[in-house]
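Here is how names work: the chains are called A, B, and so on, in the same order as the sequence lines, proteins then strands, and each is numbered from 1. Note that the structure is a prediction, hence the values are computed from the model and not measured. Values below: every heavy atom of this structure, side chains too, minus hydrogens, waters and symmetry copies.
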Amino acid sequence: MLENEILSQLNEEQQKAVVTTEGPLLILAGAGSGKTRVLVHRIAYLIDVIGVSPAQILAITFTNKAADEMRSRVDKIIGFGASQIRVSTFHSFCVRILRRYGDLLGYTRSFSIYDTDDQLRLMKKIFKEKQADPRTMREKAVLARISHAKDELVPPEKYAVLNPDYYGQKVAEMYKSYQKQLKENNAMDFDDLITKAVELFEQHPDVLAEVQDRYRYLMVDEYQDTNSAQFRFVSLIAGKYRNLCVVGDDDQSIYKFRGANIRNILGFEKVFPDAVVVKLERNYRSTKNILSAANEVISHNHGRKRKKLWTENPDGVKVRLRRFANGFEEAEFVCGEIAEEVRCGKRSLGDFAILYRTNAQSRLFEEKMLMASLPYRIVGGINFYARKEIKDVLAYLKTIDNAEDDLSVLRVINVPKRGIGDSTISKVSDYAASGGISFFAAVQEAQRIPGLSKGTLSKLSAFAKLMSDLSVQAEQGKISALVKAVMKESGYRDALEAEETEEATARMENLDELVSKAVQYEQKAAGEASLSGFLEEVSLIADIDNLPENEERVLLMTLHSAKGLEFPVVYMTGMEDGLFPGSMSINAENPQEEIEEERRLCYVGMTRAKELLTLTCAKERMLRGEVAASPVSRFVREIPRECIDLEGGTSPGRRPLPAAGGRDRALRDAISGGRGEEETLSFGKQFDPEKDVRYSRKSSYVNPYKKTVPPAADAAAGAPEYRVGDTVRHVKFGEGTVREITPRGNDFFVTVDFTAWGTKKMIASMARLQKV
DNA sequence: CGTAGTTTTGTTTTT
DNA sequence: CAAAACTACG
């Protein structure tokens, strides 16, 4: 590509960012300002104009999705050698280095990667050993402290010095033991991946020099999310050639809880005084109305880089605010509106995103989507790889790959049940500890362990044989074959089959999916495929990474997951003080700081919307089992009145309530911090037997266990095969009698009387009713 | 040793 | 309201 070809598609600031190839560069890229475009074009410019070899370019992102997207966009504009460019996440890039040089730090090539679950199990073990009372000190809290220490590159000894108080000393002790055991298990946790890579560079200058010479041009995306360790890591690599380009937006820093250090971006120019700073403030994504509302909200934060986004886009529709009696009605409104817009052909399902603060909120929406037969996809929640059955099988694989990983061995030794119980395990454990060998090694020489009965002994040796047989398979066959063998030989699959429950069936389907993931991995990695590689991929995958592009489904996800994405229509739900901003941040010791982080999250959410942004909230909400009254979020109140549309009566929503004036007045009061007057103003119905029943009844939504999504409705909607008076069956509601069929566009409305659920009006093509 | 039933406990957000 | 931890029993 020629120089002017590359530059002609960019605005002035973007061009400056692209042509500044040497030395430190800070790109402050506002939401929707075309930052990925700049990075991609900058790579093209480096290669085609400056003549840099693709192999010398390293681009680091936080998610695999972002890495994949960058890679494919680079592929499109660079003819040749694009595959040589290293585009990777922090974590996988570090793993790559550690697999290669980890022996210098005392790890083998096949070290295990521990996720939060594994960490917790290890910490529980340590609590037992130290005889710490989990009531006075919580495992999770200790782990959080350790994680933060690692984010700041503070090792156990230094932690002890820095925290002389009693609690700090205790944590330091645990931290030390935790690191020791990780090492003994030949394992690293997520944070270690970064800190150990830094350690490697610092202790082995020759390795660092090699990496420095290999990657002469560095780019870091989402720079505002880096923690101190990651900053150190990047600075070390860029230390020699100093070609470090970082892209970020301090207003979108939302990962403080995971160690993100906002000083990295605010102080970049202090660390690199010769840094060139480019600001991208032109937004190409949202309408003026959406942008000015978002700008207004974020302007309530202090200590940010001065920046104001602008756009040439049309004014668009005002940001809408809707308040409901409770979460059910909120979900009903959102889903109803989406169904209506899709039905009349104005929008397609893929245009919509429903965002919320906490994963728990997804359930209400999920239920309503299911009822409306709207195809949807949920991002996040329980990660596929975090499911019990998957983790069990993975623990087998980890044991095969890394027999020193006691934690994994302990996880599987009695799963499925083999009659190896606690007392046996602790005897073997003691023996291993006294001999300084791994748990699995102790199992292998169980005959030397005193106090084990003959029966127990044979159970242990059967397990040892199983694992060694599987190890042989691992040497020879393909990964997918090994995964299958593990499920079969271990008896895991048979045990599930024997259960004959619906849940067990769902689990088996998940196991099948794991096998196909293994096949996918084999295809992707081709000759490079290895068991360690597969396990690594599995550990470092985020739910968002698997999101199919352009899928015709409504997307449901947390505000955090939505970062980096955009949608024509966005619903930000649960806009209530106590939920968003969360009570945790309101009641924190430094509420100011925490609420500013929540506000940034709000800003991130708002700037996801291209055309229409709707904020919704409920007056009361079920939270941790209790109903709580919820005032409208302070963030909503920060939006100037003229940017907001409060009335709802004329909207396509099918809600006839409330009486004129009621809602508007109530809403206005609520926004301006009304003194509860709105509680007496009737908002909607006071009592609805059907709703009340639903409120208390245990959710009849079956099987959220498996990631089930209703299949997309057939596009062509012919006349239904049923008539008024027929009995039909619905996936959720069961059987009912058809009362009415009315044509709408090239589709139909069907009203059905369900015995168990009452009368429902739905869209024929989506309800997929079966004539009985 | 294993299981079923009961009590306790905990609450963002995620690589 | 959930999941996890604990307890008592077969």
Distances under 3.5 Å only, N/O to N/O: pair up the protein atoms with those of nucleotides 5-7 of chain C.
| residue | atom | partner | partner atom | Å |
| --- | --- | --- | --- | --- |
| dA5(C) | OP1 | K124(A) | NZ | 2.2 |

Hey, does [X] reach any base, or is it just sugar-phosphate, or nothing, if we go heavy atoms under 4.0 Å?
| X | result |
| --- | --- |
| T89(A) | nothing |
| S423(A) | sugar-phosphate |
| D115(A) | nothing |
| G582(A) | nothing |
| D191(A) | nothing |
| Y255(A) | sugar-phosphate |
| S539(A) | nothing |

State plainly whether the residues [X] and [Y] are in salt-bridge range, i.e. N to O under 4.0 Å.
| X | Y | value |
| --- | --- | --- |
| K125(A) | E129(A) | yes |
| E638(A) | R599(A) | yes |
| E593(A) | K256(A) | yes |

Do you know the tightest heavy-atom contact between D405(A) and K398(A)?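 Smallest heavy-atom distance, with atoms named: OD2-CD, 3.8 Å.
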Nearest-angstrom distance from the residue atom [atom1] of [X] to [atom2] of [N]:
| X | N | atom1 | atom2 | result |
| --- | --- | --- | --- | --- |
| F231(A) | dT15(B) | CZ | P | 23 Å |
| H91(A) | dT14(B) | NE2 | C1' | 9 Å |
| F62(A) | dT15(B) | CZ | P | 11 Å |
| E222(A) | dT14(B) | CD | P | 14 Å |
| N227(A) | dT15(B) | CG | P | 14 Å |
| L460(A) | dC1(B) | CG | P | 11 Å |
| D117(A) | dT14(B) | CG | P | 16 Å |
| Q119(A) | dT15(B) | CD | C1' | 11 Å |

Hey, would you say the H300(A) and Y603(A) ring centroids sit under 6.0 Å apart? no
Out of dT3(B), dT14(B), dT15(B), which nucleotide sits closest to the side chain of S561(A)?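 The nucleotide sitting nearest to the side chain is dT14(B).
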Taking the side chain of M622(A) as heavy atoms from C-beta outward, which of dC1(B), dT15(B), dC1(C) is closest to it?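 The listed nucleotide nearest to M622(A)'s side chain is dC1(C).
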Would you indicate, yes or no, if [N] has its OP1 or OP2 atom less than 4.0 angstrom from a side-chain nitrogen or oxygen of [X]?
| X | N | value |
| --- | --- | --- |
| N64(A) | dT15(B) | no |
| R363(A) | dA2(C) | yes |
| K459(A) | dC1(B) | no |
| T63(A) | dT14(B) | no |
| K65(A) | dT15(B) | no |

Any strand is fair game: report the nucleotide pairing with [N] by Watson-Crick or G-U wobble, both distances under 3.5 Å, or none.
| N | value |
| --- | --- |
| dT6(B) | dA5(C) |
| dT12(B) | none |
| dG10(C) | dC1(B) |

Between I544(A) and R138(A), which is nearer to the 5' end of DNA chain B once each is assigned its nearest nucleotide?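 Result of the comparison: R138(A).
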Find which nucleotide of DNA chain B each of N414(A) and F257(A) is nearest to by heavy atoms, and output the residue with the more 5' nucleotide. N414(A)
For [X] and [Y], test the side chains for any donor-to-acceptor distance below 3.5 angstrom and give the result as yes or no.
| X | Y | answer |
| --- | --- | --- |
| D401(A) | S532(A) | yes |
| D192(A) | Y114(A) | no |
| Q361(A) | T358(A) | yes |

Would the base of dT15(B) count as contacting R258(A) through its side chain, where contact means a donor and an acceptor less than 3.5 Å apart? no
Is the NZ or CZ atom of K517(A) both under 6.0 Å from the centre of the six-membered ring of F534(A) and within 45° of that ring's axis?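 No.
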Measuring only the C1' atom in each nucleotide, how far is dA5(C) from dT12(B)? A whole number of Å is fine.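 Straight-line distance between the two C1' atoms is 23 Å.
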